[in-house]
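Not measured: the values here are computed from a predicted model. Values reported hereafter were calculated over all heavy atoms of this structure, with side chains retained and with hydrogens, waters and symmetry mates removed. Nothing fancy with the numbering, it's 1 onward along the sequence.
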Amino acid sequence: MQSKILTGNLTFKSLRPPDLSNCSKGELCEYFENSYDLNESLFTSLNDDSVFYKCPDRLRLPLIFYFCHTAVVYVNKLMLAGLIKERVNLEFETMFETGVDEMSWDDTENYRMGGSYKWPSLSSVVEYRRNVRNLVLKVIHDTPLDLPVTMESPWWAILMGIEHERIHLETSSVLIRQLPVEMVTKPKGWVYAPFKCGGRVEENPLISVETQDVTFGKPKDFPSYGWDNEYGEFSTRVPAFEASKFMITNGEYLEFVESGGYEDEKFWTEEGWKWKVYRQSKHPVFWVCNHSCKGGCGADLSKYSPCHFPNSGTNGVINGSLTNGHSREVINGGEKRTYMYRAMFDVLPLPADWPAEVNYHQARAFCAWKGFGFRLLTEAERNVIKGKKLETTQGIDGDIIYQKKPKANINLHYGSSTPVNMYPANELGYHDVFGNAWEWAEDHFNGLNGYSSHWYYDDFSSPCFDGRHNLILGGSWVSTGDEASKFARFAFRRHFIQHAGFRIARSLQLADKINVPARMVKDEVFVLGVGVEEKEIPDADEVEYKWVPTTNYHYSYDTEDSLYGIIELEFGFRDTFPHNVAQHCLSLQKKYQCGSKSALWLGSGAGRGPLELTNVFQNVLGVDYAARFIDAAQKLKNGKALSYKAGNGEQKTAVMSGDYQPDRAIFKQLTWIPNEICDHDMTIVTFMDRTMNAKAWLARLWEVTVKSGLVVIVSETKEWNKDNLAQYFGNNLLFKEAQDLKYTSKKGEETLQITAWARK
């Protein structure tokens, strides 16, 4: 496999990131190639070509997608930054652009997971990766390097591709770890950590911390790449608390399972118990018993059970006898079970002193089992226990990923977790505050104060600011680059499995209701096809959390009142906004004789505008980020009436009338413009005044519009005039005309500014 897929070198030695205030092209080139090599080297563990087309997780795509996806992202970001003018392979850059993000553990499998979907050959993907490698090297060589590299620099796009690849190095390792062990082989140079460090970890005492203030967030001038959610700042008072010296170990979690607590509903949140029952979970995912438990693989592996002991030898028991680990028989639900451990490529004795890797639900259940008041750490508390040795004022030396010999299990020093007592405690007495395994936090994922997205990757973080994703902090053994930085903040849905564990904590306040400094998203986020799901509040009777607004403006805008407002805007008056815009665009289509095959309407609202185009355009795609709007548009398309409350409080009904052809219209909720949304004769944009990052949408308009096609920008303000728009369009779009357009709203007669542009 090595000779088949490597376009560079086999390596599991990860470099430190470059100092962006003082780096050379040579250093940037070396860091890029190291990232590319690491990711490809991981995939040499797959035993043959067929394994690339397997789904290790029923709600993730086949591995071939992730192998190609990281290369595609380089091309997409370089195009956005203007560092390249032509794509490598548009078919690949569409097929491998977007993964899947299920809303729940019981979602249906994506259509691309089945055997009927035709993925390209492995050889063609390897050739694509080789071409992209050479392209990026050429861009690095040809692009002038101005220091420092900041997020305003086009070099940020290159670094974004590099750090994105390093994220997928970790997430792909999680997927490969879920494959049948018979399908993988440990590559040369991959080293597991020792099972023990000195004596067994018999105790895990709680260490107390006094009440104090804490401030965290990455300064914008820190000379390393960072993802959008790391920037900004948050300050809070952290009441006194205590937290476990070590992360919870497999040995400790075994006691929970052995006691029957894992099978007791009273220890689980409602959401967690539903997940457990659905998955028929009997123990952590990376534990292996001999009772053929239900597995989590998808497609043709859906009936595979990881719970059987392999024969001794390759992929079987290594590191000597079972006494090096833990294999004691446990009574679980009336059954005797012997537990072993699935490492990356082998089944080993259960390492009792390594951190237990679980999802949020499993971690929370353990906390409840431990007793009253036990919970996970909050983000603020975890920033406290990191100590104060690493301060931002120390420059890059103040970030652990830049240290030559960090005293932490990060950056692939080992190809597994390590005993929780292997690395020394920090000045507060806590071990593994960086690395070994990520730690789940009580907080919902959200931006810090001052959050803003980057237009190269507008929706990297913000779709997860929904109250359904919880933070993970600290990094793991396979975290490299920015992931291993002290500023790293990542998040997953609570049922997700990563190389993640937890530490228990407890407040030391004496009060009827304990103040826990966890930031929880208070907004009700509407999910298309689901609606608004009720939020479950753990320990609501005993705990007071800090409820904050989502920093995703799109979520806070997408309310029932906004929906009523948009329906009234579209149907409540004689000369409505979308009607007048649609008619004006049809006159532009006729005037400039652009094609009528396809139209794209960005900011489609409740759908009236796109539907009015269907008598001329054969295909009309309406796109909006607001789920409620898309839900309304789909109902409207299907001939249903929309009930709404008008501005004067009167209850009204809206329905499409007149001639239109609904079968020609499709409505989609999107947070960006993917490559699959392409080849439109006319692209209309009407939500410039209500987007979070307008530049991210404007930058893609020329590429999704056919040559000689029209781009029409509609705005209620003077901000988006010819001169301001020209700086975003450059030489890709040619200005044709500007015109004011009247329409009627509840305020009376208002004026829109419309500019028309032609694709060169």
Side-chain angles (χ1 to χ4, degrees), residues 20 73-74 76-82 97-99 101 149-164 167 216-222 224-234 379 443-469 471 482-483 485 487-492 519 521 523 525 548-558 602-603 623-627 669-675 677 685 687-701 703-704 719-720 724 727-728:
L20 298 185
V73 168
Y74 282 106
N76 288 341
K77 303 313 174 189
L78 294 179
M79 285 288 291
L80 275 176
E97 181 179 27
T98 309
D101 183 18
V149 175
T150 68
M151 61 182 67
E152 285 75 37
S153 167
W155 283 87
W156 204 252
I158 298 173
L159 290 156
M160 183 175 284
I162 292 171
E163 294 298 343
H164 172 265
I167 289 174
F216 52 91
K218 185 171 186 173
K220 284 200 172 182
D221 60 355
F222 195 88
S224 69
Y225 178 86
W227 295 104
D228 55 9
N229 70 78
E230 298 169 27
Y231 295 99
E233 186 175 275
F234 183 74
E379 181 177 22
D443 305 67
H444 295 161
F445 192 38
N446 205 0
L448 303 176
N449 296 335
Y451 167 81
S452 62
S453 64
H454 196 286
W455 68 277
Y456 289 162
Y457 206 153
D458 180 31
D459 65 344
F460 176 79
S461 302
S462 57
C464 301
F465 300 161
D466 59 356
R468 299 290 169 188
H469 293 74
L471 274 165
D482 173 77
E483 272 200 308
S485 165
F487 299 111
R489 305 171 74 241
F490 286 86
F492 286 94
R519 297 166 70 232
V521 173
D523 299 74
V525 176
V548 298
T550 176
T551 53
N552 182 342
Y553 169 75
H554 294 170
Y555 285 148
S556 58
Y557 176 84
D558 185 11
L602 299 173
V623 168
D624 211 298
Y625 61 74
Q669 181 193 14
L670 293 173
T671 56
W672 64 313
I673 306 177
N675 289 333
I677 308 301
V685 186
F687 63 177
M688 295 297 297
D689 306 310
R690 59 176 176 92
T691 55
M692 190 162 62
N693 193 328
K695 188 176 182 180
W697 298 87
L698 292 171
R700 293 278 289 128
L701 298 182
E703 202 178 1
V704 300
E719 178 183 358
W720 302 108
N724 286 343
Q727 65 180 317
Y728 297 106

message = Which residue in the set R489, K220, K218 passes salt bridge (Lys or Arg N to Asp or Glu O under 4.0 Å) when paired with E230?
response = K218
request  = Could you tell me whether the side chain of F216 reaches within less than 4.5 Å of the side chain of L448, counting heavy atoms only?
outcome  =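 Yes, side chains in contact.
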inquiry  = For a 4.5 angstrom cut-off between non-hydrogen side-chain atoms, does F490 reach I167?
reply    =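 SC-SC contact between F490 and I167 confirmed.
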ask   = Hey, are the side chains of H444 and F465 touching, using non-hydrogen atoms and a 4.5 Å cut-off?
value =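 H444 does not reach F465 side chain to side chain.
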query = Can you tell me how far the CG atom of D523 sits from the CG atom of N552, to the nearest 0.5 Å?
reply =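 These two atoms lie 9.0 Å from each other.
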key: Backbone N/O of D459 and side chain of S462: donor-acceptor pair under 3.5 Å   = no
key: Interatomic distance, D624 atom CG to F687 atom CZ [nearest 0.5 angstrom]   = 6.5 Å
inquiry  = Counting C-beta onward and ignoring hydrogens, is there a side-chain heavy-atom pair between I158 and L78 closer than 4.5 Å?
reply    =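 Answer yes - side chains close enough.
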request  = Starting from the C-alpha separation in whole Å, work towards a yes-or-no answer on side chain to side chain contact (heavy atoms under 4.5 Å, CB included) for R690 and Y553.
outcome  = CA-CA 9 Å; R690 59 176 176 92; Y553 169 75; 4.1 Å; yes
inquiry  = With a 4.5 Å cut-off on side-chain heavy atoms, are T550 and V525 touching?
reply    = no
inquiry  = Show the nearest heavy-atom pair for residues A81 and P154, with the distance to one decimal.
reply    =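 Distance-wise, the nearest heavy atoms are CB-O, 4.1 Å.
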message = Please evaluate residues R519 and L471 with respect to the criterion side chain to side chain contact (heavy atoms under 4.5 Å, CB included), reporting the C-alpha separation (whole Å), side-chain torsions for both, the decisive distance (0.1 Å), and the verdict.
response = CA-CA 10 Å; R519 297 166 70 232; L471 274 165; over 6 Å; no
inquiry  = Counting C-beta onward and ignoring hydrogens, is there a side-chain heavy-atom pair between T691 and Y557 closer than 4.5 Å?
reply    =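 Of all side-chain heavy-atom pairs linking Y557 with T691, none is under 4.5 Å.
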task = Hey, could you give me the CG/OG1 distance between N693 and T671, rounded to the nearest 0.5 Å?
result =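 Between N693 CG and T671 OG1, I get 11.5 Å after rounding to 0.5 Å.
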query = Where do F222 and L20 land on the side chain to side chain contact (heavy atoms under 4.5 Å, CB included) test, with the steps shown first?
reply = CA-CA 9 Å; F222 195 88; L20 298 185; over 6 Å; no
Ring geometry between H454 and Y456 (parallel below 30°, tilted from 30 to 60°, perpendicular above 60°) =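 Tilted, since the angle between the ring planes falls between 30° and 60°.
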message = Tell me if the centroids of the rings in W227 and Y225 come within less than 6.0 Å of each other.
response = yes
ask   = Is any side-chain heavy atom of Y625 closer than 4.5 Å to a side-chain heavy atom of M692?
value =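 When only atoms from C-beta onward are counted, M692 and Y625 do not touch, as no gap falls below 4.5 Å.
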Pair Y451-N446, side chain to side chain contact (heavy atoms under 4.5 Å, CB included): steps then yes or no = CA-CA 9 Å; Y451 167 81; N446 205 0; over 6 Å; no
message = Contact between W156 and K77 at the side-chain level, heavy atoms closer than 4.5 Å - yes or no?
response = no
key: Exam field: side chain N724 to backbone E719, donor-acceptor pair closer than 3.5 Å   = yes
task = Would you confirm whether S461, through its side chain, and D228, through its main-chain N or O, come within 3.5 Å as a donor-acceptor pair?
result =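 Looks like no, no N/O pair under 3.5 Å.
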inquiry  = Checking the side chain of E97 only, and the main-chain atoms of N675 only, is there a donor and an acceptor separated by less than 3.5 Å?
reply    =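 Judged by distance alone, yes, a pair lies under 3.5 Å.
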key: Closest heavy-atom pair and its distance - C464, F445   =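 Result for this residue pair: CB-CD2, 3.6 Å.
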key: Expected output: side-chain E163 to main-chain D482 donor-acceptor under 3.5 Å   = yes
request  = Ignoring hydrogens and angles, tell me if any N or O in the side chain of Y231 forms a donor-acceptor pair with the backbone of S453 under 3.5 Å.
outcome  = no
key: Inter-residue atom distance K695.NZ - W455.CH2, 0.5 Å rounding   = 4.5 Å
query = How long is the span from the CE atom in M160 to the CH2 atom in W155, to the nearest 0.5 Å?
reply =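 Between atom CE of M160 and atom CH2 of W155 there are 15.5 Å.
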query = Looking only at heavy atoms, which two atoms of L80 and R700 are closest? And how far apart?
reply =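 Heavy-atom minimum between the residues: CD2-CD, 3.8 Å.
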task = Look only at the side chain of D558 and the backbone of A627, and say whether a donor-acceptor pair between them is shorter than 3.5 Å.
result = yes
remark   = CD (E379) and CZ (F234) are apart, to the nearest 0.5 Å, by 8.5 Å
